[in-house]
Visitor: 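Below is a structure I'd like to ask you about.
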Amino acid sequence: MPESIILGAGIIGVTAALELQSRGHSVVIVDRTGPGQETSYGNAGIIQAECAEPHALPRDLGALLRMGLGVTNELTWSLGGALAAAPALLRYYRASHPARLQKVSLIYAQLTSRSTDDHAVWIEAAGADNIIARSGFNFVFPDPKAFENAIKGAERLGRTYGVVSRIIDGVQYAREEPAIKDPPAGTIHWQQAWTCSDPGGLTQKYADLFVARGGDIQRGDANTLRENGAGWEIMTDTGKLSASNVVVALGPWAPEFLKRYGYKIPMVLKRGYHGHFSPPVMPRLPFVDTSSGVLAAPMSNGLRVSCGVSIVRHDAPAKPKQLDRGARGLSKMIDLGARRQEPVWTGTRPFIPDMLPVVGRAPRHKTMWFNFGHGHQGFTLGPTTAIILGDAMSGDPSTTHLQAPLSPMRFA
């Protein structure tokens with residue numbers, strides 16, 4: 001009988017499985033699809049070691065109004081989605097108060113700053129170095145005033161957290177980035193980040209390593225999980241599977257799943273879309289076009305353009321108007337070329353209102369463990385929270401200073 005069942009084969013579940021396996025655990029991953037085929041497939045592929053502060057809500061009512069009215073391309077929403085998310089959004093707004101955000105960021109920065117080192121272990125072991133670049137990415141500012149404010153922000157992050165950045169004027173950036181049509185006002189180059197040309201492929205390589213080391217991945221529905229004495233059992237394609245522990249790594253599906261066990265975990269479901277293009281000149285590095293609210297990232301199958309946040313119900317049909325509008329704006333900056341004909345891809349960022357992931361033992365179940373709610377940084381933080389989870393499960397005090405603030409006990 002395996003020691004642990006992990007529910008979810010995204011980057012969070014797979015890296016948790018690798019970490020527990022490395023500590024001598026017998027682990028089985030159960031997922032309804034295959035590794036990295038949901039949200040982990042379609043992200044922008046950036047390991048954001050520079051992201052010292054989480055994505056907070058603006059506290060300025062004017063900025064919130066502009067976002068809500070769609071003046072910017074950062075946010076779209078539906079009435080049903082906004083009403084469903086209203087309690088969590090209110091908690092999110094309160095947590096974004098500067099004093100509270102500062103406290104959260106002291107924890108958050110400790111997570112992200114170690115993310116590349118934590119990934120490096122598995123990148124090497126999985127033979128995935130060919131899809132990883134260590135050259136950072138850029139934030140591009142066509143608007144001079146926005147660039148001026150961003151420089152101040154970058155300098156503050158450097159002083160406070162030691163984040164390394166390079167300020168580039170628009171003319172110099174156009175020299176460095178031949179895909180750019182006209183020089184912008186300027187660019188901030190975040191140098192500590194690593195990028196991946198196939199994030200779904202990296203998750204698959206991690207999963208292949210897990211299997212090669214003796215792990216097992218089975219198809220199954222998390223909703224068939226049942227308590228079985230002191231342990232757990234679940235139905236898979238190969239029959240009933242039992243284990244001593246269960247790790248819930250279901251991302252945006254976790255709160256609904258956990259209601260049956262009496263847990264109410266607040267979450268803002270932030271939907272995103274992407275599309276692929278074939279530009280005549282591929283950008284050297286990924287970059288965010290701050291005027292259009294999209295991120296352009298060179299991938300193995302073309303230039304992936306990803307948009308911002310859409311607050312809709314989890315089961316709402318795809319309406320990628322935000323992506324379409326962003327791509328039109330981006331086309332003023334670079335020649336996008338032809339768009340790849342493919343089904344519309346959507347993914348949901350599982351965002352906890354207090355902006356920290358939920359990692360640790362379930363408050364009322366001694367053998368149930370949580371590892372979800374990574375928001376915008378699931379791809380970044382998978383190996384890092386896996387270590388924290390492993391320490392919590394084994395009683396290792398090495399990451400006690402991080403276990404406490406991430407603990408599910410804060411929602412007990």
Side-chain angles (χ1 to χ4, degrees), residues 1-43 45 118-119 121-128 131 196 198-226 228 231-254 257-258 345 347-348 350 357 359 367-374 378-379 381-390 393-394:
M1 184 176 76
E3 189 168 350
S4 298
I5 295 169
I6 294 184
L7 302 179
I11 189 73
I12 303 301
V14 171
T15 51
L18 275 171
E19 180 63 32
L20 293 179
Q21 184 186 60
S22 73
R23 295 171 184 241
H25 292 232
S26 172
V27 183
V28 177
I29 300 173
V30 177
D31 195 284
R32 63 183 181 180
T33 59
Q37 293 185 18
E38 298 279 0
T39 305
S40 294
Y41 162 77
N43 62 68
D118 292 339
H119 264 282
V121 175
W122 302 125
I123 289 170
E124 180 179 0
I131 57 173
C196 177
D198 186 359
L202 182 65
T203 304
Q204 183 63 62
K205 284 178 179 290
Y206 284 174
D208 292 344
L209 175 64
F210 168 70
V211 172
R213 291 182 169 185
D216 188 16
I217 301 176
Q218 297 192 25
R219 295 277 181 111
D221 185 345
N223 291 315
T224 65
L225 182 75
R226 298 288 184 270
N228 178 16
W232 302 87
E233 64 181 30
I234 190 171
M235 292 303 300
T236 72
D237 286 354
T238 61
K240 186 181 294 185
L241 175 68
S242 299
S244 303
N245 297 280
V246 64
V247 177
V248 180
L250 292 171
W253 294 274
F257 169 79
L258 288 169
W345 182 87
T348 302
V359 184
T367 56
M368 176 181 276
W369 304 83
F370 296 169
N371 189 13
F372 61 83
H374 296 66
F379 190 71
L381 293 177
T384 300
T385 57
I387 292 170
I388 296 168
L389 175 69
M393 292 180 71
S394 64

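Numbering starts at 1 and runs along the sequence shown. Since the structure is predicted, the reported quantities are computational estimates derived from the model, not experimental observations.
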Visitor: Side chains of Met235 and Val30, heavy atoms from C-beta outward: is any pair under 4.5 Å?
Guide: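 A side-chain contact under 4.5 Å is absent here.
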Visitor: NZ of Lys205 to SG of Cys196: how many Å apart, nearest 0.5 Å?
Guide: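 Answer rounded to 0.5 Å: 9.5 Å.
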Visitor: Does any part of the side chain of Pro383, heavy atoms only, come nearer than 4.5 Å to the side chain of Trp122, both counted from C-beta?
Guide: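 Side chain of Trp122 against side chain of Pro383, heavy atoms only: contact under 4.5 Å found.
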Visitor: Is Leu258 close to Met368 at the side-chain level, that is, under 4.5 Å between some pair of heavy atoms?
Guide: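 Yes, close enough: below the 4.5 Å cut-off.
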Visitor: Going by heavy atoms in the side chains, are Tyr41 and Gln204 under 4.5 Å from each other?
Guide: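 No - every pair of side-chain heavy atoms lies 4.5 Å or more apart.
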Visitor: Please find the pair of heavy atoms, one from Phe372 and one from Gly251, that lie closest to each other, and give the distance.
Guide: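 Closest approach of Phe372 to Gly251: CB-N, 3.9 Å.
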Visitor: Any idea which heavy atoms bring His119 and Tyr206 closest together, and the distance?
Guide: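 Heavy atoms of His119 and Tyr206 come nearest at ND1-OH, 2.9 Å.
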Visitor: Rounded to the nearest 0.5 Å, what separation is found between the OG1 atom of Thr15 and the CG atom of Leu381?
Guide: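 These two atoms lie 9.5 Å from each other.
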Visitor: Just wondering, do Val247 and Val27 contact through their side chains at under 4.5 Å, heavy atoms?
Guide: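 No; the side chains remain at least 4.5 Å from each other.
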Visitor: Is the side chain of Thr203 donor-acceptor paired with the backbone N or O of Gly36 at a distance under 3.5 Å, no angle test?
Guide: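 Looks like no, no N/O pair under 3.5 Å.
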Visitor: Kindly compute the distance separating CD1 (Ile123) from CG (Leu202), expressed to the nearest 0.5 Å.
Guide: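 Nearest 0.5 Å value for the CD1-CG distance: 6.0 Å.
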Visitor: Does any part of the side chain of Gln218, heavy atoms only, come nearer than 4.5 Å to the side chain of Ile234, both counted from C-beta?
Guide: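 The answer is no; the side chains never approach within 4.5 Å.
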Visitor: Take Leu18 and Val121, measure what side chain to side chain contact (heavy atoms under 4.5 Å, CB included) needs, and give me the verdict at the end.
Guide: CA-CA 11 Å; Leu18 275 171; Val121 175; over 6 Å; no
Visitor: Roughly how far, to the nearest 0.5 Å, is the CD1 atom of Ile12 from the OG1 atom of Thr384?
Guide: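 So the gap between those two atoms works out to 9.5 Å.
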Visitor: As an exercise, state the distance from CG of Leu225 to CD1 of Ile5, rounded to the nearest 0.5 Å.
Guide: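 Leu225 atom CG to Ile5 atom CD1 measures 6.5 Å (nearest 0.5 Å).
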Visitor: Which atoms form the tightest heavy-atom contact between Leu20 and Gly390, and what is the distance?
Guide: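 Heavy atoms only, the tightest pair is CD2-CA, 3.9 Å.
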Visitor: Yes or no on side chain to side chain contact (heavy atoms under 4.5 Å, CB included) for Trp232 and Asn245, after CA distance, side-chain angles and deciding distance?
Guide: CA-CA 7 Å; Trp232 302 87; Asn245 297 280; 5.6 Å; no
Visitor: Considering all heavy atoms of both residues, which atom of Thr367 and which atom of Ser244 are nearest to each other, and what is their separation?
Guide: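 The answer is CB-O, 3.2 Å.
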Visitor: Do you know the tightest heavy-atom contact between Ala207 and Ile217?
Guide: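 For Ala207 and Ile217, the tightest heavy-atom pair comes out as CB-CD1, 3.9 Å.
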Visitor: Grab the two heavy atoms, one from Leu7 and one from Ala222, that are nearest each other, plus how far apart they are.
Guide: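 Scanning both residues, the minimum pair turns out to be CD1-CB, 4.2 Å.
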Visitor: So how far is it from Arg23 CZ to Met393 CE, rounded to the nearest 0.5 Å?
Guide: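 If I round to the nearest 0.5 Å, the distance is 9.5 Å.
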Visitor: Could you tell me if the side chain of Glu19 sits less than 4.5 Å from the side chain of Leu389, heavy atoms only?
Guide: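 No; the side chains remain at least 4.5 Å from each other.
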Visitor: Within the structure provided, determine whether Arg32 and Asp221 are in side-chain contact (heavy-atom separation under 4.5 Å).
Guide: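 When only atoms from C-beta onward are counted, Asp221 and Arg32 do not touch, as no gap falls below 4.5 Å.
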Visitor: May I ask you to decide if Phe210's main-chain N or O and Gln21's side chain share a donor-acceptor pair within less than 3.5 Å?
Guide: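 A pair under 3.5 Å: yes.
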